[in-house]
Amino acid sequence: MSESMHGLKRTHLAAELSTANVGENVVLMGWANTCRDHGGLIFIDLRDRTGLIQLVFNPEVAGEAFAKAEKVRGEFVVAAVGIVHKRSEATINPKLKTGEIEVYVSELRILNRAKTPPFYIEEDIDVDENIRLKYRYLDLRRPDMQKNIILRHKVTMAARDFLDKKGFLEIETPMMTKSTPEGARDYLVPSRVNPGKFYALPQSPQIFKQILMVAGMDKYFQIVRCFRDEDLRADRQPEFTQIDLEMSFIDEDDILGLMEEMTATTFKDAAGINVETPFPRLTYQEAMDRYGSDKPDLRFGLELKDFTDMVSKSDFKVFAAVAASGGQVKGINAKGCADFSRKEIDDLTQFVAIYGAKGLAYIVVTEEGLKSPILKFFKEEEIKEMLDRFEAQPGDLLFFVADKPPVVAAALGALRIELAKKKNLISLDEFRFVWVVDFPLVEYDEVERRWTAIHHPFTAPKEEDVEFMETEPGRVRARAYDIVLNGVELGGGSIRIHRRDIQEKMFQLLGMSREESQEKFGYMLEAFEYGTPPHGGLAFGLDRMIMLMAKKDTIRDVIPFPKTQSAADLMCQAPSEATPKQLQELHIRLNVKTK
RNA sequence: GGAGCUGUGGUGUAGAGGCCUAACAUGCCUGCCUGUCACGCAGGAGAUCGCGAGUUCGAAUCUCGUCAGCUCCGCCA
């Protein structure tokens with residue numbers, strides 16, 4: 001049934017044709033998008049990656065082609081030979097890019113038949129993601145997915161071009177490397193040749209790129225896959241891609257400036273989006289204080305206000321006790337939300353409970369006065385002070401959370417975004433970049449009962465804070481920076497430690513013994529002794545960057561073959577069991593509970 | 001590890017103890033149709049309601065378990 005394309009060469013892509021081609025004999029190849037059989041006249045919309053073009057079959061002009069066209073169904077692969085005609089005024093289709101022309105087909109070949117696809121090959125389909133992922137090749141045929149993949153290509157091309165012009169070298173680093181403590185769980189690869197030993201897939205090329213600086217490469221970049229065995233989210237996949245880079249003899253301003261330029265260039269070149277530089281900078285402390293997040297969305301206000309100082313001496317015991325025990329009482333003025341129902345407020349109370357908040361106090365501000373269950377605990381001048389700090393006006397709804405600072409930040413930070421969504425304050429056309437700088441170097445992990453690096457163990461402490469590394473680690477600030485776009489952490493980096501003694505001090509602070517740091521990072525420490533330049537770098541999450549450019553809600557829509565939340569590939573059914581022979585060769589015995 | 005939402009012909013949905021011999025739209029198949037573009041018209045096929053237990057005279061519908069997908073918390077240097 002299917003025919004050979006022998007003797008035919010494709011001359012044009014579908015949507016490249018225009019009125020300029022009228023009169024030309026063309027050869028087109030692609031998929032039958034839709035077939036409209038009128039009995040005595042057949043129209044087939046031919047689709048390729050550029051778009052659609054209407055083919056016309058007339059039995060009086062080409063009988064054989066017409067007979068074949070009667071048999072064509074959706075997604076059949078066809079080759080058509082014919083003349084481009086201008087459509088008559090009445091038959092122009094303004095919805096189609098090629099709507100002013102059509103091809104009168106003289107010869108049709110059915111190159112391959114197709115089963116009826118399980119969903120429509122068109123934009124904005126509403127299908128279970130299950131099915132899209134199982135038939136990913138069909139999903140990727142859809143115009144919006146093709147757009148995303150093309151955008152991804154444009155972004156990497158623009159970034160490569162930019163970095164090349166700035167003197168960066170693209171250098172590959174190993175995928176089979178050494179497992180490191182700290183950070184995410186590693187994906188392990190068993191070594192057949194070395195029984196009982198394992199490689200780890202890189203969480204990032206961090207150490208290699210630093211060693212490339214030791215090696216005098218000066219400016220490195222790589223568009224590189226990274227692997228982290230942690231639970232998935234809409235913006236997190238176990239394998240993801242970074243635009244990773246590192247430079248020698250630079251400071252924070254050098255790299256931030258260059259990255260602003262690169263971001264503006266790629267957004268402009270790849271997506272036509274104008275980005276204003278320089279980006280504003282917020283310290284970590286400021287971001288947490290004002291937005292309750294280290295990745296604040298700056299497209300809307302609803303900033304957090306602090307009331308800890310004033311409630312500590314109030315009669316409201318719940319607030320006062322929290323303030324007295326080192327906690328915080330903060331709030332958000334939900335502008336214009338005074339009309340929220342009791343149910344809506346209850347729902348929001350449940351919402352903040354997800355983040356550990358034990359309650360959500362509120363005051364409704366109306367023309368007639370205030371309504372609130374907590375009002376009775378406060379004196380008149382206290383209430384006035386609160387309203388002043390909130391800049392409250394009739395129509396506003398004031399929310400309070402009292403708890404330990406991390407809980408207050410998480411709860412109100414999330415509430416802030418939830419309110420903005422509810423009130424439609426978030427513009428899809430705005431791209432608000434911000435640098436978050438001056439992160440703490442380490443934080444105390446209550447579960448592991450030790451200090452852990454906030455960025456990673458190679459991040460340099462601020463010079464003026466080095467003296468506190470042993471005495472007050474929580475006070476040491478890092479020379480780290482995150483680039484944040486619309487509430488999404490787009491990338492992060494730091495100026496690195498380039499001296500062996502400081503690096504050792506850092507490992508020590510993280511609770512690593514001398515033996516352990518020698519075993520895990522000895523080669524790096526040794527390299528640092530052979531003339532290491534001051535250096536620093538940054539890595540962009542490419543998937544997230546494209547997700548935002550494409551205005552999608554998940555990176556799965558910009559990754560050709562993503563995994564589900566349970567880290568499975570529904571198309572190829574990975575992961576799957578290994579054969580006994582494979583396991584034997586790898587010296588692995590399984591210890592799996594059978595269900 | 002935990003919380004929530006979803007699962008009914010190929011696809012998207014309706015049905016919420018008996019009205020179900022499961023409805024609608026679309027897709028699919030057959031026939032008709034020379035200007036459609038989500039073509040139209042007529043006819044037809046297609047589902048043991050994710051899976052397994054239980055409650056009940058009776059379960060798509062209620063309960064429990066389980067599987068899958070999604071969102072989130074934890075986790076993610």
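A note on names: the letters A, B, ... follow the listed sequences, proteins ahead of strands, and every chain is numbered from 1. These numbers come from the heavy atoms of this one structure, side chains and all, not from hydrogens, waters or symmetry mates.
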Colleague: Has A:Tyr199 got more than 12 heavy atoms of other residues, nucleotides or ligands less than 6.0 Å from its OH?
Modeller: no
Colleague: Can you tell me how the ring of A:Phe119 sits relative to the ring of A:Tyr135, calling it parallel under 30°, perpendicular over 60° and tilted otherwise?
Modeller: perpendicular
Colleague: Looking at B:C33 and A:His38: do their rings stack (centroid distance under 5.5 Å, interplanar angle under 30°)?
Modeller: no
Colleague: Assign A:Asp229 to base, sugar-phosphate, or nothing according to its heavy-atom contacts below 4.0 angstrom with the strands shown.
Modeller: nothing
Colleague: When you get a sec, tell me which of B:G27, B:U71, B:C39 is the closest nucleotide to the side chain of A:Gln565?
Modeller: B:U71
Colleague: Under the 3.5 Å rule, do the base of B:G74 and the side chain of A:Asp231 count as making a donor-acceptor pair?
Modeller: yes
Colleague: Is B:A68 paired to anything, Watson-Crick or G-U wobble with both distances less than 3.5 Å, and if yes, which nucleotide?
Modeller: B:U6
Colleague: Taking the side chain of A:Arg556 as heavy atoms from C-beta outward, which of B:C70, B:U36, B:G69 is closest to it?
Modeller: B:C70
Colleague: Using a 4.0 Å heavy-atom cut-off across all strands, classify A:Arg233 as base, sugar-phosphate, or nothing.
Modeller: base
Colleague: Please work out whether the ring planes of A:His85 and A:Tyr104 are parallel, tilted or perpendicular, with thresholds of 30° and 60°.
Modeller: parallel
Colleague: Where the side chain of A:Arg236 is defined as all heavy atoms beyond and including C-beta, which of B:G74, B:C37, B:G35 is the nearest nucleotide?
Modeller: B:G74
Colleague: Is the backbone N or O of A:Ala357 less than 3.5 Å from a side-chain atom of A:Asp403, with the two atoms forming a donor-acceptor pair by type?
Modeller: no
Colleague: Counting only side-chain heavy atoms from C-beta out, which of B:U71, B:C76, B:G35 sits nearest to A:Phe43?
Modeller: B:G35
Colleague: Regarding A:Tyr104, tell me which of base, sugar-phosphate or nothing describes its non-hydrogen contacts under 4.0 Å with the strands shown.
Modeller: base
